[in-house]
Structure formats: structure tokens, C-alpha cells
Trainee: 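Shown below is the structure under consideration.
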Amino acid sequence: MAEKHLLEIKNLTIHYQTDYGTVHAVEGFNLEVGNGETLGLVGETGAGKTTTAFGIMQLLPEPAGKVVAGEIYFRGENLLGKSKTEMKKILGKQIAMIFQDPMTSLNPVMTVGAQIEEMIKLHEPGTKEEIKEKAKKMLEVVGIPAVRQDEYPHQFSGGMKQRVVIAIALSCNPMLLIADEPTTALDVTIQAQVLDLMKKLKDDFKTSMIMITHDLGVVAEICDKVAIMYGGKVVEYATKESLYTKPYHPYTVGLFNSIPDLDSEQDRLNVIDGLPPDPTDMPSGCSFHPRCPHKMPICSQKSPSKVVVGSEHHVYCYLYEQEGAL
Amino acid sequence: MNEKIIEVKELKKHFKTKSGMLHAVDGVNFFINRGETLGLVGESGCGKSTTGRVLLRLIQANSGEVLFHNENILEYSKPDMKKMRKNMQIVFQDPYSCLNPRLTVSEIIAEPLIINKVYKTKDELETRIDELIGRVGLSERLKTSYPHELDGGRRQRVGIARALALNPEFLVLDEPVSALDVCIQAQILNLLKDLQKELGLTYLFIAHNLSVVKHISDRIAVMYLGQIIELTDYKSIFKDPLHPYTQALLSAIPIPKLGVQKERLILRGDVPSPINPAEGCRFAGRCDYSKQNCFEETPKLIESEPGRWVACHYVRQLEQN
Amino acid sequence: MLKYFARRILMLIPVILGVAFIVFFLLYITPGDPARIILGDQATEESVLQLREEMGLNDPFFVRFGKYAYNLVVNQDVGKSYVTKRPVWDEIMTVFPATLKLAGSSILLALLIGIPIGIISAIKQYSIFDNVTMLFALIGISMPVFWLGLLLILLFSVKLGWLPSSGYTTLNAMILPAVALGAQSIAIITRMTRSSMLEVIRMDYIRMARSKGQDENKVVFKHALGNALIPIITIAGLQFGRLLGGAVLTESIFSIPGIGRLMVESIKMRDFPVVQGGVLFVAISFSLVNLLVDLLYAYVDPRIKSQYK
Amino acid sequence: MNTVKQKKNKKKSIWLDVWRRLRKNKMAVGGLVIIILLFLTAIFADWIAPYSYESQDLLNMFQTPSFEHWFGTDEFGRDIFSRIVYGSRISLEVGFIAVGISLIIGGSIGAIAGYYGGRLENLLMRCMDVLLAIPEILLAIAIVAALGPSIANLMIAVGISSIPGYARLVRASVMSIREQEFIEAARAAGSSDFRIIVKHILPNCMAPIIVQATIGVAIAILTAAGLSFIGLGIQPPTPEWGSMLSGGRSYIRDYPHMTLFPGIAMMVTILALNLLGDGLRDALDPKLKN
């Protein structure tokens with residue numbers, strides 16, 4: 001049964017210990033990613049998107065960050081039960097990651113060629129020439145002339161650096177690619193270039209992908225499924241079509257309303273009042289209730305459970321629980 | 001009604017760098033009417049922030065004129081400029097570095113009032129601070145907080161309150177929302193819009209993204225490598241962009257809707273360096289339509305249709321090579 | 001890059017002249033008449049006056065300094081010792097090897113001990129090892145060189161009789177002075193290595209390397225250390241300069257005839273040319289070490305290399 | 001509930017915040033306590049010291065520690081404990097005043113260079129480069145030799161020799177603050193240069209300067225003691241820890257207590273200052289704030 005999904009996360013809970021108390025970064029997080037699927041993980045700063053990614057990769061900053069509960073099944077096996085040695089074989093080879101800021105994610109004192117070769121050497125050993133050839137090919141795949149392999153990261157622009165990072169991530173043909181806001185740090189036109197490239201490569205490489213973003217536009221462009229995250233949880237999950245046709249959760253609705261619409265006239269944006277929750281002091285019940293326009297008494301008492309509202313569309317909200325019962 | 005509050009003529013700012021002259025602002029012309037918002041859009045390094053700072057004389061211009069109520073403020077003496085500063089203020093991009101971490105919220109807002117000796121008594125000052133705090137939607141209990149105790153959105157509100165303290169007519173908003181989350185962005189945009197209506201403010205709104213300025217601007221200027229390449233009312237620029245760069249910029253915005261994905265115009269390569277730029281149209285190297293003379297002759301910003309200014313040799317006659 | 005360093009060496013000249021000026025000025029206001037020192041207490045007032053005239057001591061300050069600077073730059077001549085009458089340069093060259101040996105072995109000790117311990121401390125941050133190391137490092141920084149020297153002599157020469165308490169020619173004799181002089185540098189380099197590693201380990205590219213499935217050891221040594229080296233090299237360069245100067249105390253404790261002792265004795269005997277030459281020599285060596293450090297930067301960091309044009 | 005908490009903290013300043021973080025660091029608090037005790041010792045030396053620091057007792061030379069003479073006596077039969085107690089005056093005086101000298105001169109040079117930049121900065125920093133080319137202790141030796149050995153001259157010598165370090169530090173922090181947007185905001189409001197420096201730049205540079213000054217006092221005490229040790233600093237019979245060590249050196253084989261106690265006093269003082277300096281660095285570090 002677990003084989004049905006490439007990745008299945010159940011009740012993942014990740015806490016950070018800080019001087020100011022325990023940060024509930026991810027709390028009871030559930031998610032599935034199917035083979036060949038691209039899932040958009042959407043949320044604001046502090047919603048726990050990046051922490052979730054590091055949780056899957058087991059790259060949480062030690063000793064502050066810890067997976068407190070939950071399971072992460074990758075191809076049917078629980079990653080949290082793996083030893084460090086076993087994990088090393090999976091990282092890079094089967095799950096690879098693209099980081100948010102291309103300016104800081106490349107090692108400044110190594111040539112870009114060497115950084116791609118490092119990945120290949122680890123997982124697909126061969127002769128020096130073979131590895132070098134493969135690295136050159138990867139550079140060309142992402143649209144960088146292979147002659148630039150001996151240059152250092154500081155000689156590349158931001159967009160080019162992100163291409164190098166993509167080349168590294170894809171060089172061993174991973175089954176799952178986790179991209180953490182890969183275009184946020186880039187200018188709009190460069191962002192378009194990189195998105196275009198990623199769209200093409202994920203098809204060429206037949207890679208499943210988790211696209212972490214705060215931009216619903218990016219999701220519309222590249223994703224099949226969407227998970228909306230708020231306060232460390234997934235609050236709504238759907239196919240792209242279903243979600244963009246009718247978002248259910250009040251937070252999702254608010255998120256859509258906050259984006260200026262390029263096609264229509266509007267004088268004011270409809271905003272969600274208030275601020276995202278403080279992760280050291282999460283509201284009880286549904287963490288969105290202090291900002292929710294449809295708040296009910298029960299919302300602050302108990303966390304809502306999953307309500308199926310359509311095929312491949314579910315939401316965690318009391319508004320729809322009665323509808324489901326009817 | 002169409003009274004020009006500020007007009008910029010042939011403004012230039014070049015910086016000396018190790019590798020040559022950096023043409024940050026290279027002959028920029030525009031004006032803003034009273035009560036209007038001009039959106040100034042461009043990618044990083046195009047000189048939009050420098051333009052805003054040169055306008056306020058936070059950076060000294062190399063040449064050109066900045067006319068405020070028809071007087072060239074670049075020629076003002078120091079004391080005259082100090083008086084003038086009350087009329088023009090700025091809101092910054094970075095909610096972290098724009099507030100002095102050693103001062104409380106009310107001290108920060110009081111600074112401009114104290115510097116310009118606006119009020120004689122402490123009570124008057126306090127009343128004014130309270131009024132400003134309320135105006136930008138901050139709660140009064142935050143008065144004694146320090147910036148590091150506030151989130152980005154609230155800090156930005158403090159920055160706005162500080163800019164409003166002297167009752168300016170004109171505000172430069174230097175990417176005031178680009179460091180904020182979508183929801184907070186929307187809150188601040190609404191606030192700015194409300195303030196404009198209530199106080200009759202005039203804005204120069206600087207942004208790196210067309211979608212942000214859409215909601216707030218009356219006219220929009222697009223900058224590329226130190227020059228304005230298109231300046232049009234906000235409706236036309238979205239419906240019918242004339243300059244190929246504007247077209248690419250617009251098409252690069254990912255739209256959060258289903259089935260609207262049109263054919264993307266993907267630009268080749270990166271923005272070229274603003275250091276010692278070559279003759280000709282700055283965009284020619286990345287333009288799909290560029291012809292020989294684009295590389296030789298710099299196009300001027302001309303009014304090709306009423307109210308629509310474009311700097312392109314082939315407006316309305318673009319054909320792909 | 002060669003051009004860059006040629007320019008850097010040329011830029012040393014005003015610095016050296018500046019140093020010469022400061023020392024010349026200080027010695028100018030120092031009490032004591034050189035002519036009297038040269039001739040001794042028995043000399044007649046007349047002969048002293050005559051010598052003063054010959055030496056140009058009656059000239060105005062700037063004329064005297066001008067002559068000195070001219071000799072320094074054009075003839076690379078720094079004069080003769082008042083006491084031994086030998087050229088100052090020869091005096092310095094006789095004692096310099098001992099100081100170089102002492103400072104060199106101290107810095108070597110500091111690097112060989114400080115860097116590995118600093119790395120382990122950073123990797124095992126907040127562990128017992130880390131806490132103990134940091135405590136010792138703090139004590140090391142707080143330990144006066146001259147007191148540590150005396151304690152070492154007390155323990156290893158007087159009580160245990162294992163090592164000699166003076167001299168510098170044999171390896172055995174070098175151990176105590178090198179440890180005494182190097183202790184502070186060991187502590188400083190350990191602390192620097194640790195904090196620099198901690199800073200680097202937080203960077204995205206370290207996480208990126210881990211996300212490749214790279215071995216943790218390789219992550220630390222290949223990715224982190226390479227980037228952490230810059231501040232370590234900087235501090236090591238500064239330490240070497242400090243050691244050259246700090247040798248004054250160590251040489252005095254262990255009776256090593258080095259440049260530090262030469263200078264202290266020359267000051268006490270008012271042998272101005274030697275003091276002047278000694279300070280100049282140390283300043284030049286220090287500046288050259290810093291230049292070397294800059295060369296090393298280019299070697300470890302390609303970003304800096306591309307700036308050297 | 002939140003509002004109540006907020007009101008209570010109404011008068012809370014940044015420094016209170018720093019103190020709260022510093023208090024959590026036991027080592028730093030330990031350092032602070034030792035420094036306070038040292039100050040009390042120095043101030044009340046006349047009451048604390050059982051003997052005068054210069055009264056000789058030739059019948060009781062080289063006494064090892066005993067009930068009458070806690071730390072023993074020296075070659076003139078002077079009570080070592082009393083001399084150490086009085087010595088704390090000299091060390092603290094030299095340490096703090098020397099740092100004061102270098103901080104005021106070096107800090108002003110650094111602030112001017114950092115704020116105005118351009119040619120003035122170039123000139124000032126080249127001068128600092130010249131001073132930096134001479135290792136601190138050598139420079140101090142040369143200065144004290146020129147001025148003659150006295151406590152005041154020692155302070156001046158040690159103070160001048162560390163000027164360039166402070167100039168560089170202050171310049172670097174001023175330059176980093178100068179680029180912040182709140183400085184531009186102040187300028188946009190019509191603020192004068194003086195007000196910007198005093199109200200906006202200096203308060204934000206304080207953290208690294210305080211840390212450096214704390215550790216600088218330790219370094220100054222060490223340098224001064226070093227000078228006295230080689231006979232160029234404070235002259236006998238004034239009790240100074242460095243010269244006491246130097247005096248005990250000849251008798252180290254038979255009477256090690258003469259070198260042990262002044263050395264311990266010096267090390268504890270310097271350790272305390274370094275502990276406090278380290279603690280302050282962590283407590284003032286803005287990175288830990290958020």
C-alpha cells in the first residue's frame with residue numbers, strides 16, 4: 001500500500017530548542033507525493049516548509065532541531081529508521097535538493113566543475129575522464145557552456161549559479177527533487193528562465209518534485225498537486241485544477257485574495273488580518289483561528305481533522321465537517 | 001489638477017569603480033503630478049533605487065535637474081535643502097536596517113520632529129507621535145518597543161510613520177513591500193493607498209516587479225540599465241506593452257490562475273554590466289527584434305502615442321529577426 | 001598578480017620611512033647624549049663637544065632625520081653601534097637567527113596544535129572536550145609569557161631536571177622557550193579556528209555538500225576547512241609579528257641572545273643606532289610576513305585572487 | 001496577559017537586555033565578580049593590607065607562607081600579600097587609563113576616518129599602518145624608554161601602542177553602520193553629521209568596542225607588567241606585579257613563592273577580564289537576538 005506513493009509523510013513533528021522556548025516548526029504534518037508528480041508546498045515565512053524539507057533529508061541543524069514524531073516513507077521504507085550510512089546512499093542519488101539562495105549554496109573555493117563531479121563521484125563512480133565528461137554534459141544540460149567548468153562560483157551571476165545547483169542536483173538522476181524556493185532570490189526575468197529550465201528538466205529526467213514556494217503563480221506554472229501549509233501543518237491539499245477552481249480553507253482563500261490581480265481592476269486587496277502565529281506559542285486548536293473570518297467556538301478547542309471535499313482534495317477545517325456529515 | 005509636483009530632467013549619476021564608470025542613472029526624465037503615484041520598475045542593478053536617492057539628494061547627482069514645484073533642488077544650499085526635506089521623505093526596503101536598533105518606536109518616529117524642531121512642548125510632540133502611530137495602524141502599547149521586538153510588517157509601519165512625521169507632500173517608497181510575505185505585503189499596500197487618499201500624498205513607488213505596482217500606480221516607468229525605456233499609464237502597460245523589455249518583464253510574472261499560461265517570452269542571458277555600457281540601445285543584445293542600428297544609436301524616450309512614452313526605434317513595428 | 005605584489009612592496013617604503021621617523025623621534029627625545037656614551041665618562045667636555053659636531057648632533061631635528069633617511073633608502077645603511085662600533089646590520093644579523101628559530105618554532109607549534117584542536121572543538125560544540133579546550137584556551141590567553149616561562153623553568157628544570165633552563169642551540173633547549181612563547185598563540189589560534197569553523201559550518205554550501213550524501217569527514221575537511229582558513233591565516237600572520245616582538249620577554253627569561261634582548265640592552269645602554277635598526281628590522285619582517293599572508297589568501301580563496309590585478 | 005507583560009517591561013532598555021543575557025553566563029558573572037573584588041581591594045588597600053608595602057624587615061627575609069605572612073616575604077622581608085594588594089592599584093590604574101587613552105584617541109581617529117572617508121581616511125589609516133608595523137610591545141618599550149620610567153609614562157606608552165587597533169575597529173564598525181538605511185533616514189529628515197554620529201552611529205558601534213576595551217584592559221595590564229619585568233616600567237619600591245615577578249626570578253630555585261603569588265594575581269585578573277569580555281561578546285551579539 002505504501003508503494004503507491006513515492007513519498008509518504010505521516011504525522012511529522014519537528015521541534016527546535018532555542019533560548020526562547022520550543023519552536024513548533026512542523027506539527028502533525030501529513031503529505032503524499034506520487035511517482036512523477038510535482039507537488040507545490042505553499043506557505044508564508046515560518047510556516048515550516050524548509051524545516052519539512054530538511055526533515056525529509058535529515059539535515060536538520062543539530063542539536064537544536066529534532067524530529068519528535070512521525071514517519072517518512074520513501075519508496076515504502078521509513079527514512080527515519082535509516083542509519084547515517086544508509087541515508088548517505090539515498091541523499092544525492094535518490095533524493096536531491098536545490099536551495100533557496102544560489103549565492104550561498106555553492107562552495108566559493110571550489111570550481112563549479114569540481115562541485116558537480118563530487119556528486120557524480122559519490123554515487124556513480126567511474127574513471128576520472130568519465131566523471132568529467134558527465135559533469136560537462138550536466139553543465140550543458142542546464143545551459144552553461146562546458147568550458148566554464150573550471151571557473152569559480154563568484155564568476156557566475158545569480159541565475160547561472162542556480163543553474164549550476166540544478167545541474168548538481170540532477171547529475172545522478174534522482175527520483176525526488178526538493179526545490180526550496182529556487183527562484184525567490186532571482187530577478188523576475190531570470191526567474192522565468194530558471195522556472196522554464198526546471199519545467200523542461202523534470203520532464204526530461206522524469207523526476208518527482210516538491211516545489212517549496214510562497215508564490216501561487218509559480219505553483220500554477222509547474223505543479224500538479226498543491227499542499228498549503230500554515231503553522232507547521234498542511235491545511236489543504238488538492239490537485240492544482242481543483243484548488244485553483246475552488247479553494248476551501250479560509251487561509252487559502254485569503255492567500256489568493258492577497259495577490260494583486262493583473263487582469264482586473266481592484267481598488268483594495270482583500271487581506272487576511274493579523275500575523276502568522278508565533279511558533280514558540282502556537283494557538284490552540286486550529287492555528288489559523290485567531291485570523292479566521294469564519295471562526296467558530298470549536299476552532300480554538302480542537303484541531304480539525306481531515307475533510308474530503310473532492311477527489312484528491314481535502315481540507316482541515318470545521319467549516320466543511322458538517323457538510324461532509326450531511 | 002495636473003500640477004507637476006516633481007520633475008526630473010536628464011538626471012545622471014555615475015559611480016567610480018575599480019573596473020570603470022558605473023552608469024547607475026543615465027539620463028532619466030519623468031514628472032509626477034500631485035496626488036499621483038508613479039511606479040518605477042526594474043530588475044536589480046537598473047538604477048531605480050539610486051534614482052530615488054538622487055531625487056532626495058541623499059546621493060549627489062552628477063548632472064541634470066530635479067524640479068520640486070518648479071525649483072531645482074539640486075542647486076539648493078544646505079540650509080535651504082534642510083527646509084525642503086520636510087516636503088519629501090523616503091520609506092526604505094529593508095525593515096531590518098531601516099530602523100535604529102537602539103531607539104524605541106516612539107523615539108524613531110520623533111526623530112524628524114526633533115531635528116526640525118517642529119514642536120515646542122513635549123506634550124505636543126507626544127500627541128503627534130500618538131496620532132502617527134494610530135494612523136499607520138500600530139497599537140499604542142508598541143511605543144516603547146524596540147525594532148527587534150517587532151515583525152517585518154510592523155517595522156515597515158514604523159518606517160512609514162517616521163516618513164509621515166513632517167507632513168511631506170511627496171514620498172519615495174523604495175521597495176517598501178518586497179521583503180515581506182504576501183499577506184503582509186497586501187496589508188502594507190492597502191495602508192499606503194489609504195494614506196495617499198487621506199493625506200493627498202504623491203508617491204514614487206519603486207519595485208522590482210510589475211505585479212506589485214499595478215495595484216497602486218497611476219503611471220508606470222520601466223527602467224533598464226540606468227534609463228527609462230517605457231513610461232505609460234498603468235492600464236496600457238499591462239494590456240499593451242510597447243517595449244520588448246516590458247513585454248518580457250510582464251510575461252515573466254507567474255500568474256496564479258489556471259489556463260492563462262501564455263507563450264512565455266524568455267530573455268536570453270543576464271542583464272549586462274552597467275559599467276561602461278556600450279553605445280546604442282542598452283537592451284539590444286538581449287532583444288529578439290534588434291537590428292543593426294539598435295547597436296549604434298541610443299533610442300530616445302519619445303511620446304509615441306498620447307501619454308505613452310517609449311525608447312525603441314521600432315515601436316509598433318517589431319518583427320522578429 | 002605579480003604586478004599587484006610589486007606594488008605592495010613599493011607601498012612598504014613609506015611605511016618603513018614612517019616607522020623610521022617615529023623611532024627616530026622617540027630616540028631624539030630620549031635623554032642621554034650619544035657623544036658622551038661613545039666616549040665614556042672619562043672624556044673631556046671638549047672632546048664630547050667636538051664629537052657632537054662631527055656626528056651632526058647639533059643639527060636641527062629634520063636635518064638629522066633627513067640624513068638618516070637618505071642613508072637608509074639610498075645606501076641601505078643604518079649606521080654603527082655606539083658601543084661595539086660594529087655596523088648595526090651585522091649586530092642584528094648575528095642575533096636574528098635565534099629569534100627567528102624561537103618565533104618560528106612557536107608559530108609552528110601554535111598551528112600544529114591550534115588548528116586540529118580548534119576543528120574538533122567546533123565539530124563537537126558544547127561537548128566536554130569543547131568546554132575543557134575552551135577553558136584551557138582562555139587560561140592560555142590570560143597567562144603572562146614571563147610567568148609561564150618561570151613556571152616552566154621551575155617545573156621542568158628545577159624540580160624535574162628534564163630540560164635546560166637556558167640556551168637555544170639544541171632541540172631540548174628550544175622546547176621550554178617555544179612553549180612559553182607559543183602558549184598564547186596556541187590558545188588564540190585554537191579559538192579562532194573554532195569560531196571560524198562554527199561560522200562556516202552554518203553556511204548553505206555545507207548543507208548542500210551533506211545533501212549530496214557526502215561523508216561528514218569530507219564535508220568538514222574539504223568544504224568547511226577550506227573556507228575557514230582565511231581568518232585563521234590572518235590571525236597566524238598577526239601572531240607571527242607579535243611573536244617577533246614578544247620574544248623580548250622570552251629571550252630575557254631563557255637567556256637567549258636574540259633580537260629582543262639586543263634591543264632591551266641597547267636601550268639600557270642608550271645605543272641608539274641599534275635600537276633604531278632593530279625596530280626597523282622587526283617592522284620590515286612583520287610587513288613582509290603580512291605580505292606573505294596576502295599571498296596565501298590568493299592561494300586559498302579564488303575570490304581574493306581575482307582581486308589581485 | 002500579553003499586554004500586562006508588555007507594560008511591566010515598559011522601561012526596559014537594550015542594556016537591561018544585555019545584562020539579562022550576561023547573567024545567564026556563569027563564567028562571565030564570575031569574571032565580573034572578580035573584577036569588582038579587585039576594585040574593592042584597590043580602593044581599600046590601606047585597610048586590607050596587613051603591612052605597609054615598603055616596610056622592610058630584614059630579620060624576616062624569604063619567609064615562606066605562614067599565618068603572619070599569608071604569601072610569605074621577599075628578599076627585603078616585605079610582606080608579599082600586602083604588596084600584591086597594593087599592586088592591584090597600579091595594575092588596574094595602568095590597565096584602565098591606558099585603554100582610555102587608546103580608546104579616546106584611536107576611537108576618534110577611527111570614527112572620523114570611517115564616517116568621512118576619502119582622502120582624510122586614507123591619510124589617517126596610513127598613519128595607523130605605520131604604527132601597526134611595529135609590534136605593540138616594542139613600540140611601548142621605545143616610548144617608555146624615551147619618556148623615562150614612571151607610572152604615567154607607562155600608561156601613555158601602553159596606551160599609544162594600542163591606538164591603531166582601536167582606530168581600525170571603530171572605523172570598521174562605523175563604516176558598516178554608515179551603510180545602514182536608518183542613517184539615510186536620518187539624513188533625509190535633515191539631521192546634521194554630528195547628530196548622526198552621536199545619536200545613530202556611535203550607540204550602534206558600542207558592542208564591539210566594549211568587548212575590545214574589556215579585553216584591551218587585560219592586554220594593557222600584561223604589556224605594562226612585561227615592561228616592568230624587564231626593568232623599563234615601574235621602578236622599585238613601588239609594588240607592581242611584573243616587577244615583583246622580576247625580583248623573585250633570581251630566587252626561583254629556593255623561594256618559588258616569590259614568583260608564584262604575583263603571577264597568580266596577574267593571571268586571575270587577566271582571566272577575569274577575558275571571561276567578562278567573552279561573555280559580553282555573546283551577550284551583545286545581535287545575531288543571537290532573534
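Below, read A as the first sequence line, B as the second, and so on, with proteins coming before strands; counting in each chain starts at 1.
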Trainee: Determine the option with the most heavy-atom pairs under 4.5 angstrom with chain B, choosing from D:Ala188, D:Pro203, D:Ala185.
Mentor: D:Ala188
Trainee: Under 4.5 Å heavy-atom distance to chain D, tell me which part of B:Arg162 shows up: side chain, backbone, both or neither.
Mentor: side chain
Trainee: Would you compute the distance between atom CD of D:Glu181 and atom CD of B:Gln93 and round it to the nearest 0.5 angstrom?
Mentor: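 One finds 6.5 Å between CD of D:Glu181 and CD of B:Gln93.
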Trainee: Kindly compute the distance separating CZ (B:Arg102) from CE (D:Met206), expressed to the nearest 0.5 Å.
Mentor: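 If we round to the nearest 0.5 Å, B:Arg102:CZ and D:Met206:CE are 9.0 Å apart.
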Trainee: Hey, which of B:Ser139, B:Ser97, B:Gly159, B:Pro112 has the most heavy atom pairs under 4.5 Å with chain D?
Mentor: B:Ser97
Trainee: Any salt bridge linking B:Glu107 with D:Lys199? Criterion: basic side-chain nitrogen under 4.0 Å from a carboxylate oxygen.
Mentor: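 Judged by the 4.0 Å cut-off on N to carboxylate O distance, B:Glu107 and D:Lys199 do not form a salt bridge.
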Trainee: Would you indicate whether D:Arg89, at its atom CZ, is surrounded by more than 12 heavy atoms from other residues, nucleotides or ligands within a distance under 6.0 Å?
Mentor: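 Atom CZ in D:Arg89 is packed in, count exceeds 12.
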Trainee: If I take atom CD from residue D:Gln180 and atom CG from residue B:Asn100, how far apart are they, to the nearest 0.5 angstrom?
Mentor: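 Reported to 0.5 Å precision, the distance equals 9.0 Å.
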Trainee: Which value, rounded to the nearest 0.5 Å, describes the distance between D:Ser191 atom OG and B:Arg85 atom CZ?
Mentor: 10.5 Å
Trainee: Okay, side chain of D:Arg187, backbone of B:Leu58: is any donor-acceptor separation there less than 3.5 Å?
Mentor: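 Not confirmed, D:Arg187 side chain does not pair with B:Leu58 backbone.
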Trainee: Counting C-beta onward and ignoring hydrogens, is there a side-chain heavy-atom pair between B:Glu111 and D:Arg195 closer than 4.5 Å?
Mentor: yes
Trainee: Among B:Leu56, B:Ile90, B:Asp94, B:Ile59, which has the most heavy-atom pairs under 4.5 Å with chain D?
Mentor: B:Asp94
Trainee: Who pairs with B:His23 by ring-ring contact (aromatic ring centres under 6.0 Å, His included), at least two apart in sequence or on another chain?
Mentor: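 B:His23: ring-ring contact (aromatic ring centres under 6.0 Å, His included) contacts with B:His14.
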Trainee: With a 4.5 angstrom heavy-atom cut-off, which part of B:Ile114 approaches chain D: side chain, backbone, both or neither?
Mentor: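 Answer is side chain: those atoms of B:Ile114 sit under 4.5 Å from chain D.
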Trainee: With a 4.5 Å cut-off on side-chain heavy atoms, are D:Phe182 and B:Pro147 touching?
Mentor: no
Trainee: Which pairs of donor and acceptor atoms, one on a side chain in residues 95-115 of chain D, lie under 3.5 Å apart (sequence neighbours left out)?
Mentor:
unit_1, atom_1, unit_2, atom_2, d
D:Ser102, OG, D:Ala98, O, 3.0
D:Ser102, OG, D:Val99, O, 3.3
D:Ser102, OG, D:Ser162, OG, 3.4
D:Ser108, OG, D:Ile104, O, 2.5
D:Tyr115, OH, D:Asp193, OD1, 3.0

Trainee: If you compare all heavy atoms of B:Leu166 against all heavy atoms of D:Ala189, which two are closest, and at what distance to 0.1 Å?
Mentor: CD1-O, 4.5 Å
